[in-house]
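Everything on this sheet refers to the single structure shown next.
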Amino acid sequence: MAADQTIKPRQVGNSTVLTVPANIKLDKDARYFVTKEPNGEIVFMPKLKNPFKDPKLLKQISSQKSEFEDVKMIGREKDE
């Protein structure tokens, strides 16, 4: 974004809106977390998909062998 390109907040209903300039291309389906930093910066961070909800990854993880699967109990491990 050019240094001299500025935007002005505007009121829409109960919300304050900041328009994203056309030269900044955004995915229309993307979602963002927004924070206001102590120094006044407003930061938009893309919300990423949770990799642990990915069916391919879940299948890969569940098919892995536990490191404790072949460990034999020798003491009171079964005691509660």
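Just so it is clear, the values below take in all heavy atoms, side chains as well, and ignore hydrogens, waters and symmetry mates.
Under the side chain to side chain contact (heavy atoms under 4.5 Å, CB included) test applied with Ile7, the options Val20, Leu18, Val17 reduce to a single match, Leu18.
The two atoms that bring Val12 and Arg10 nearest to each other are CG2-NH1, 3.4 Å, heavy atoms only.
Looking only at side-chain heavy atoms (C-beta outward), Gln11 and Thr16 come within less than 4.5 Å of each other.
Of the inter-residue distances, the one linking Ile24 atom CD1 with Phe44 atom CZ reads 10.5 Å to the nearest 0.5 angstrom.
Sparse packing is recorded around CG of Asn14, with 12 or fewer heavy atoms of other residues, nucleotides or ligands lying under 6.0 Å away.
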Just distance, no hydrogens or angles: give the donor-acceptor pairs under 3.5 Å from side chains in residues 27-35, sequence neighbours left out.
unit_1 : atom_1 : unit_2 : atom_2 : d
Asp27  : OD1    : Asp29  : N      : 3.0
Thr35  : OG1    : Glu37  : OE2    : 3.2

